*Asks:* 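The structure's right below; bear with me while I get my questions together.
Not measured: the values here are computed from a predicted model.
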Amino acid sequence: MTRFGVVLISEDSTGAEWVARCRRAEALGYDVIAVPDHLNLLSPFPTAVLAAEATERAVIGTYVLNASFHRPALLARDVRTTAALIGERLELGLGTGYVEAEFAAAGLPFDAATRVGRLAELVGELDTLLGHKGPPLMIGGHGDRVLRLAARRAEIVSFTGAPYRPEYGRTALVTAADLLRRVEFVRAEAGTRQAGGPELNVLSKATVLTRNRRAGVAGLRRYAPDLTTEELLEVPTLFVGTPGQIAEQVRRDEERFGFSYVTVMDSAMEDFGKVIELLR
């Protein structure tokens, strides 16, 4: 059965507001409540612990920790502490980070080679520090080095479908065909490392409920300035249509790409909740 996650944004949240958001996500049927790792938001581990305390069944994930922000021994302590407090509900997501301004604010280099190297180093150190007692590991990204690392080391591979584009100063979505090639790359790199291969996750940037899909996708062009309307309607990183149409897209994407775990952003929580209701 497909799993569904939501990345909840904690900016300016009080404890009561955060608890209410987490409980609402669980009531809507989300299997995973994920906390992001950005400097303008509340710290991920305290919010993860509170999310677990506020809910009953949801897995609590990090989507995703910026590897450059965390030293291995200190992160291992945070992971062990959180796992001790919330039990086996923790899912550890790691990535390279992609917001250049945050790296500048933290006094860290932003070049791709350094960021990927830090992620690889962190994964290796955590493997030593946590051993087999660590939570399931998710690695998210798009490029060869990150996806190769994910395929070989993680239980869950998350596809952002959005490489960093210097000309835009941010990430931008790729076509469905390009993303399918990324999936095939991961499967080849994973080989027979684990039975059935790693679990494949996709991060959706937006959900738009509408009866006019072409009109609905027009407002999402900022996510992929160089994609045509037809290409935007096909990508598995955007959901546009009625709840029924989107539910069918989720089913098609699982068959075509192997995505059995779908994550949406906070802004889509309520609308995508209507889709989850149709898929249960």
Side-chain angles (χ1 to χ4, degrees), residues 2-11 13 17-67 69-70 75 78-79 82-83 85-99 102 119 122 126 134-142 146 150 154-162 171 198-207 236-237 239 250 259-273 275-276:
T2 303
R3 292 202 296 159
F4 301 104
V6 58
V7 180
L8 292 187
I9 304 300
S10 60
E11 188 173 15
S13 289
E17 290 168 342
W18 179 246
V19 164
R21 292 290 288 163
C22 292
R23 288 176 176 166
R24 178 59 179 161
E26 187 169 66
L28 287 169
Y30 288 94
D31 305 289
V32 182
I33 295 171
V35 295
D37 187 18
H38 292 288
L39 296 184
N40 63 313
L41 305 179
L42 300 181
S43 180
F45 285 105
T47 50
V49 171
L50 186 55
E53 185 175 344
T55 56
E56 295 181 0
R57 59 166 185 81
V59 169
I60 310 301
T62 58
Y63 197 99
V64 289
L65 298 182
N66 183 333
F69 288 174
H70 301 273
L75 179 56
D78 285 340
V79 171
T82 304
L85 294 176
I86 73 174
E88 296 182 356
R89 294 169 64 188
L90 180 62
E91 184 176 282
L92 180 64
L94 301 176
T96 62
Y98 62 92
V99 182
E102 293 186 346
L119 175 61
L122 186 60
L126 287 178
L137 175 63
M138 168 194 281
I139 297 177
H142 183 80
V146 172
E155 285 75 42
I156 307 161
V157 179
S158 180
F159 294 85
T160 62
T171 60
E199 183 179 21
L200 303 186
N201 168 270
V202 64
L203 175 65
S204 172
K205 290 288 188 181
T207 298
T237 42
F239 294 124
V250 171
F259 296 142
S260 58
Y261 180 2
V262 176
T263 299
V264 301
M265 301 303 295
D266 192 310
S267 58
M269 183 175 80
E270 293 290 336
D271 285 346
F272 196 78
V275 178
I276 293 175

*Asks:* Residues two or more places apart in sequence or in another chain: which of them pass ring pair (Phe, Tyr, Trp, His ring centres under 6.0 Å) with Tyr261?
*Replies:* none

*Asks:* Among Val264, Ile33, Leu8, whose side chain to side chain contact (heavy atoms under 4.5 Å, CB included) with Met269 holds?
*Replies:* Leu8

*Asks:* List the residues meeting salt bridge (Lys or Arg N to Asp or Glu O under 4.0 Å) with Glu270, not counting sequence neighbours, and say none if there are none.
*Replies:* Arg24

*Asks:* Can you find a pair of side-chain heavy atoms, one from Ser10 and one from Val35, that are under 4.5 Å apart?
*Replies:* no

*Asks:* So, using salt bridge (Lys or Arg N to Asp or Glu O under 4.0 Å) as the criterion, who are the partners of Glu26 when residues are at least two apart?
*Replies:* none

*Asks:* For the atom pair CG (Asn201) and OG1 (Thr2), what is the distance rounded to the nearest 0.5 Å?
*Replies:* 11.0 Å

*Asks:* For Thr96 versus Val146, what's the shortest heavy-atom pair and its separation?
*Replies:* CG2-CG2, 3.7 Å

*Asks:* With sequence neighbours excluded, tell me which residues meet ring pair (Phe, Tyr, Trp, His ring centres under 6.0 Å) with Tyr30.
*Replies:* none

*Asks:* Quick one: does any side-chain atom of Arg89 pair with a main-chain N or O of Ala52 as donor and acceptor, under 3.5 Å?
*Replies:* yes

*Asks:* Under 3.5 Å, is there a donor-acceptor pair between the side chain of Glu155 and the main chain of Pro136?
*Replies:* no

*Asks:* Please report the closest heavy-atom contact between Thr55 and Cys22, naming both atoms and the distance.
*Replies:* CG2-O, 3.6 Å

*Asks:* Only counting residues at least two apart or in another chain, list the ones meeting side chain to side chain contact (heavy atoms under 4.5 Å, CB included) with His142.
*Replies:* Thr160, Pro163, Val174, Arg182

*Asks:* Do His70 and Asp78 pair up side chain to side chain, a donor and an acceptor below 3.5 Å, judged on atom types alone?
*Replies:* no

*Asks:* To check you understand the geometry: which heavy-atom pair defines the closest contact between Trp18 and Leu50, and what is its length?
*Replies:* CD1-CD2, 3.6 Å

*Asks:* After noting the C-alpha distance and the side-chain angles of His38 and Tyr98, does the key distance pass the ring pair (Phe, Tyr, Trp, His ring centres under 6.0 Å) rule?
*Replies:* CA-CA 10 Å; His38 292 288; Tyr98 62 92; 5.7 Å; yes

*Asks:* Donor-acceptor pair, Thr47 side chain versus Pro44 backbone, under 3.5 Å?
*Replies:* yes

*Asks:* Which heavy-atom pair separates Val6 from Ala25 by the least distance, and what is that distance?
*Replies:* CG1-CB, 3.9 Å

*Asks:* To the nearest 0.5 Å, how far apart are CG in Leu28 and CD1 in Ile276?
*Replies:* 7.0 Å

*Asks:* Give a yes or no on whether Glu53 atom CD has more than 12 heavy-atom contacts from other residues, nucleotides or ligands under 6.0 Å away.
*Replies:* no

*Asks:* Taking atom types as modelled and ignoring hydrogens, do the side chains of Asp37 and Thr62 form a donor-acceptor contact shorter than 3.5 angstrom?
*Replies:* no

*Asks:* Would you mind reporting whether Leu41 and Pro36 have side-chain heavy atoms less than 4.5 Å apart?
*Replies:* yes

*Asks:* Write down the atom of Met265, the atom of Lys205, and the distance for their closest heavy-atom approach.
*Replies:* CG-O, 4.0 Å

*Asks:* Drop me the distance from Leu122's CG to Leu65's CG, to the nearest 0.5 angstrom.
*Replies:* 8.5 Å

*Asks:* Report yes if some heavy atom in the side chain of Leu39 is under 4.5 Å from a heavy atom in the side chain of Val99; otherwise report no.
*Replies:* no

*Asks:* Decide yes or no for Asp31 and Val59: does some side-chain heavy atom of the first lie under 4.5 Å from some side-chain heavy atom of the second?
*Replies:* no

*Asks:* If the condition is ring pair (Phe, Tyr, Trp, His ring centres under 6.0 Å), which residues does Phe4 pass it with, not counting sequence neighbours?
*Replies:* Phe272

*Asks:* Could you check whether any side-chain N or O of Thr237 sits under 3.5 Å from a backbone N or O of Gly161, counting only pairs where one atom can act as donor and the other as acceptor?
*Replies:* no

*Asks:* Can you check side chain to side chain contact (heavy atoms under 4.5 Å, CB included) on Thr263 and Val32, steps first, answer last?
*Replies:* CA-CA 8 Å; Thr263 299; Val32 182; over 6 Å; no

*Asks:* Which heavy atom of Val202 sits nearest a heavy atom of Pro236, and at what distance?
*Replies:* CG2-O, 4.0 Å

*Asks:* Look up atom CD1 in Ile60 and atom CZ in Phe45, then write down how far apart they are to the nearest 0.5 Å.
*Replies:* 12.5 Å

*Asks:* Indicate yes or no for a side-chain donor-acceptor contact from Arg3 to the backbone of Ser260 under 3.5 Å, with no hydrogens or angles considered.
*Replies:* no

*Asks:* Is the number of heavy atoms from other residues, nucleotides or ligands within 6.0 Å of CD (Glu11) greater than 12?
*Replies:* yes

